Amino acid sequence: EVDRNLLVREAARAGIIIAADGGANHLHGAALTPAVVLGDLDSIRPDVLDDLRAGSVEVMGFSEDKDFTDTELALEYALNLNPERVYLVGALGGRPDHELANLQLLTRGLDRETEVILLAPGLRVFAIGKRAKIEGSPGDTLSLLPLSEGASGVTLSGLKYPLKDGEFELGRPLGISNVFIDRVATVEVKRGRLLAFHFSGGAVS
């Protein structure tokens, strides 16, 4: 279930709201209206779809045999607007294969100089290609996992467990549960990409 408080908060400061298929149901339940709905429309409720079509919402339907997930379609639509930042809400908590696919989508912004950030209560997830300064609070948890075959030349600072030119390998979760000791943590990667999980506000015990 999508956290309604998070959804309302992010929608209030969004330049544009884009719904991936059934995501429109959650927006409707929170009295929010997207500018665009994309997907094969197999998850959106008929009454919600009727309301949107009766209004000024653009509905872009695709075949169920498409080669893209609904979230991927929505993200590509957003990236084509050349924003500084894209937030994904409601991309966790469902099927594990969909969750993993959504996490991999976070790399899409790296080559476009657009931050793509997945949000959940107390959690921000994003991809790191070269260097990132991550703002947090002492005690926050930061986990780093490699994408593709791994990441090397990894340097960490501002964290309880610093690192210099380290290597992160698939199947060896070296970067799990590091802890902020400063308000800013720095992550540098010479080769490869990392997936960062930033837990804040006591989200991790």
Side-chain angles (χ1 to χ4, degrees), residues 1-7 9-10 20 23 69 71-72 74-75 78-79 84-205:
E1 185 69 21
V2 176
D3 185 272
R4 181 172 295 191
N5 290 332
L6 176 64
L7 185 62
R9 185 190 74 200
E10 294 305 318
T69 66
T71 303
E72 185 177 8
L75 177 57
L79 289 172
E84 179 180 342
R85 190 174 294 108
V86 176
Y87 290 113
L88 302 181
V89 177
L92 295 177
R95 281 172 41 177
D97 54 342
H98 284 184
E99 287 188 347
L100 183 56
N102 291 339
L103 290 171
Q104 291 178 343
L105 287 176
L106 300 179
T107 63
R108 289 291 180 90
L110 292 178
D111 296 329
R112 308 197 201 189
E113 297 185 355
T114 297
E115 291 183 85
V116 181
I117 302 170
L118 188 156
L119 296 177
L123 172 65
R124 296 164 64 92
V125 190
F126 49 93
I128 300 174
K130 294 180 180 178
R131 190 173 191 272
K133 285 190 173 182
I134 308 168
E135 296 184 0
S137 299
D140 285 1
T141 297
L142 180 68
S143 290
L144 299 166
L145 294 174
L147 291 163
S148 67
E149 294 183 0
S152 59
V154 178
T155 297
L156 309 177
S157 62
L159 296 165
K160 181 178 180 180
Y161 306 108
L163 188 65
K164 179 70 174 179
D165 286 328
E167 184 169 354
F168 284 26
E169 304 173 13
L170 281 176
R172 186 168 179 257
L174 176 67
I176 290 292
S177 296
N178 213 327
V179 180
F180 278 69
I181 58 173
D182 295 323
R183 292 194 173 277
V184 176
T186 301
V187 179
E188 297 183 47
V189 185
K190 290 182 180 177
R191 291 171 295 279
R193 294 173 170 181
L194 293 173
L195 202 57
F197 297 77
H198 178 196
F199 298 89
S200 59
V204 175
S205 59

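Since the model is a prediction, treat every value here as computed from it, not as a measurement.
- Taking CZ of R124 as the reference point, atom CG of D140 lies at 11.0 Å (rounded to 0.5 Å).
- The main-chain N or O of N5 is found under 3.5 Å from a side-chain atom of D3 such that the two form a donor-acceptor pair.
- Residues A20 and A74 come closest through the heavy atom pair CB-CB, 4.0 Å.
- For the atom pair OG (S137) and CZ (R183), the distance works out to 5.0 Å, reported to the nearest 0.5 Å.
- Taken from CD1 in I176 to CZ in F197, the straight-line distance is 7.5 Å, to the nearest 0.5 Å.
- Counting heavy-atom neighbours within 6.0 Å of R9 CZ, excluding the residue itself, gives a total above 12.
- Between the CD1 atom of I181 and the NZ atom of K160 there is a distance of 10.0 Å, given to the nearest 0.5 Å.
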Kindly indicate, with the supporting measurements, whether the criterion side-chain contact (heavy atoms from CB on, under 4.5 Å) is fulfilled by R108 and E72. CA-CA 9 Å; R108 289 291 180 90; E72 185 177 8; 2.4 Å; yes
Kindly determine whether F180 and H198 satisfy ring pair (Phe, Tyr, Trp, His ring centres under 6.0 Å), including the steps that lead there. CA-CA 10 Å; F180 278 69; H198 178 196; 4.9 Å; yes
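- Interatomic distance, H98 NE2 to L100 CG, rounded to the nearest 0.5 Å: 11.0 Å.
- Exactly one residue among T114, L118, I117 makes a side-chain contact (heavy atoms from CB on, under 4.5 Å) with V86. That residue is T114.
- Other residues, nucleotides and ligands contribute more than 12 heavy atoms inside 6.0 Å of the CD atom of E99.
- A heavy-atom distance below 4.5 Å is found between the side chains of V89 and E10.
- Remark: L106 CG to L88 CG distance equals 6.0 Å, nearest 0.5 Å.
- The closest side-chain heavy-atom distance from Y161 to L156 is not below 4.5 Å.
- R131 has its side chain out of reach of V187: every pair of non-hydrogen atoms, C-beta onward, lies at least 4.5 Å apart.
- Taking the charged nitrogens against the carboxylate oxygens, R193 and D111 do have a contact shorter than 4.0 Å, which makes a salt bridge.
- Within the 3.5 Å criterion, the main-chain N or O of S177 finds a donor-acceptor partner in the side chain of S143.
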